[in-house]
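Structure, as structure tokens:
All chains are named by letter (A, B, ...) in the order of the sequence lines, taking the proteins before the strands, and each is independently numbered beginning at 1.
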Protein chains: 2
Amino acid sequence: METKEKITNKKAALLQATLTLVNNHGFHKSPMSKIAKLAGVAPATIYLYFENKQDLINSLYLEVKASFSECAFKAYQDDLPVKKGFEIIWHNIAHYKLNQIDEATFLSQCDSTPIIDEEVIEEGLKHLQPLLDLWERGKKEGIVKPLSNYILYAYAVYPLSFLLAIQEKDFYTLSDKMRKKAFQSAWDAIKV
Amino acid sequence: METKEKITNKKAALLQATLTLVNNHGFHKSPMSKIAKLAGVAPATIYLYFENKQDLINSLYLEVKASFSECAFKAYQDDLPVKKGFEIIWHNIAHYKLNQIDEATFLSQCDSTPIIDEEVIEEGLKHLQPLLDLWERGKKEGIVKPLSNYILYAYAVYPLSFLLAIQEKDFYTLSDKMRKKAFQSAWDAIKV
DNA sequence: AATAAATGAATGATCGTTCATTTATTTTAT
DNA sequence: ATAAAATAAATGAACGATCATTCATTTATT
């Protein structure tokens, strides 16, 4: 138990350090030496837990993506009415993106940059299936516009990434009231 | 004349090469040697036109941002009705993002990554003012939702970046019919 | 005493940048 | 108009710095 905890402690510290450095300085200015220093270990120790730098960042991506997905579908059941189900997922995602700012920023960076291996990106995409299923049902019921899931995602979920980026830069903070209005816009964009 | 043309030729070739390499392999795997080779010049030649690597990528960002803005407001006049004006700008931006894929992909990467100097990012933001002015007018006229410009941008323009990313990965291509529907979603999201 | 975890210094490779030199272009003098 | 001189553009090899990774050794745990 002790052993296993300590192992995951150092591994977790390394992942956290990588997240912080890559967010603040970019992948190209986040050398292994700095990652090790921030995590409080020696550079060589990284290679006890990860094959190399690429494996380190791939692992971080998958871990963050998993935590994101877990949050996105919290309290969601696939037998809810379409709008209600979407509302739950949307607010879950909003909550994640606006509270777990570091993680969400990192995901944004990875999704618009070729730093993560393609296979790993695809692996991370599988988690979203319940939302796609929900939209399919909404289309069948005539509640959701008959657009492709990509377009629906672009209008209903993706905008949150922009709001996150804005908030990150301290230009703007989204109040609860605003959040409800933002959801209304998301729903307006995809509802029939 | 000859001189000046040749100068801009090499400079343009270097910017184009940087765009291609950074898009395909990321900033960290785009060494000056490869940029030079792709542009057909010697590595040292880069330093005749740019101070250093950072200046090279900053310059590229500003150039692409300028071309984007020029396209965005083509044929736009600020005395048009709000919806019509927005429609023109939206389609201009859609046209740019879905046709000048390389440039748009590069902008996305720069906007969610700390590779461009902060001052340069701000410099590039100034171009969008006419769109913000249009939205302000729309709010005054009661046509556009009384949301902050950031939120309006997030729902009306930012989704195009996602569609671009999808198209880039060859999962999906946006037909003209779909483009009109996509505009409808954008307008639905921000109209009162 | 045996095994596992962690280390720091060393290595080899890569990269950004520089500079002495070469090549091309423009200007000047005849 | 042409050759020589002056200037500008371009180069490739080389330098120093930085980085990812390794390994012999030390430290901690079993």
Nearest whole Å is fine: how far is D/dC19 P from A/His25 NE2?
12 Å

Pairing string, 5' to 3', for DNA chain D - Watson-Crick or wobble contacts under 3.5 Å, brackets [ ] where pairs cross, | to another strand
||||||||||||||||||||||||||||||

Over how many whole Å does the gap from B/Lys37 atom NZ to C/dT14 atom C1' extend?
14 Å

Residue pairs passing the ring-ring contact (aromatic ring centres under 6.0 Å, His included) test where at least one lies in residues 173-192 of chain B, sequence neighbours excluded
B/Phe86-B/Phe183, B/Phe86-B/Trp187, B/Trp90-B/Phe183, B/His91-B/Phe183

Short side-chain to backbone donor-acceptor contact, A/Arg137 and A/Asp78, under 3.5 Å
yes

Give the rounded distance in Å between these two atoms: CG of A/Leu48 and P of C/dG8.
13 Å

Residues at least two apart in sequence or cross-chain that pass side chain to side chain contact (heavy atoms under 4.5 Å, CB included) with B/Gln129, listed by chain then number, are B/Leu132, B/Asp133

Rounded to whole Å, CG of B/Asp55 lies from P of C/dG16 at a distance of 14 Å

Atom CZ of B/Phe50 and atom P of C/dG16: how far apart are they, to the nearest Å?
15 Å

Can you list everything that forms a side chain to side chain contact (heavy atoms under 4.5 Å, CB included) with A/Pro81? Sequence neighbours excluded, please.
A/Lys84

Within the sub-3.5 Å range, which N or O atoms of nucleotides 20-27 of chain D have a protein N or O partner, and how far apart are they?
{"from": "D/dA20", "atom 1": "OP1", "to": "A/Lys53", "atom 2": "NZ", "distance (Å)": "2.6"}
{"from": "D/dA20", "atom 1": "OP2", "to": "A/Met32", "atom 2": "N", "distance (Å)": "2.5"}
{"from": "D/dT21", "atom 1": "OP2", "to": "A/Tyr47", "atom 2": "OH", "distance (Å)": "2.7"}
{"from": "D/dT21", "atom 1": "OP2", "to": "A/Lys53", "atom 2": "N", "distance (Å)": "2.9"}
{"from": "D/dT21", "atom 1": "O5'", "to": "A/Tyr47", "atom 2": "OH", "distance (Å)": "3.3"}

Quickly work out the A/Ile46 CD1 to C/dA5 P distance and round it to whole Å.
17 Å

Under the rule for ring-ring contact (aromatic ring centres under 6.0 Å, His included), what residues qualify as partners of B/Tyr61, not counting sequence neighbours?
none

Salt bridge (Lys or Arg N to Asp or Glu O under 4.0 Å) contacts in which one or both residues fall within residues 178-192 of chain B, not counting sequence neighbours
A/Lys145-B/Asp188, B/Asp188-B/Lys191

With sequence neighbours excluded, residues passing side chain to side chain donor-acceptor pair (under 3.5 Å) with A/Lys53:
none

Rounded to whole angstrom units, what separation is found between the NE2 atom of A/His28 and the C1' atom of D/dT18?
13 Å

Over how many whole Å does the gap from B/Ile35 atom CD1 to C/dG16 atom C1' extend?
11 Å

Expected list for residues 13-22 of chain B near DNA chain D, using heavy atoms below 4.0 Å, is none

Taking only residues at least two apart or on different chains, which pairs with a member in residues 26-38 of chain A satisfy side-chain hydrogen bond (donor to acceptor under 3.5 Å, both in side chains)?
none

May I ask you to evaluate whether A/Tyr49 reaches the phosphate of C/dA5, defined as a side-chain N or O under 4.0 Å from OP1 or OP2?
no

Any side-chain hydrogen bond (donor to acceptor under 3.5 Å, both in side chains) involving residues 13-24 of chain B? Give me the pairs, sequence neighbours left out, ordered by first then second residue.
B/Gln16-B/Thr20

Side chain to side chain contact (heavy atoms under 4.5 Å, CB included) between B/Phe73 and B/Leu131: does it pass, once the steps are laid out?
CA-CA 9 Å; B/Phe73 297 109; B/Leu131 177 58; 4.0 Å; yes

Just grab all the ring-ring contact (aromatic ring centres under 6.0 Å, His included) pairs involving residues 95-120 of chain B, residues at least two apart or on different chains.
B/Phe68-B/Tyr96

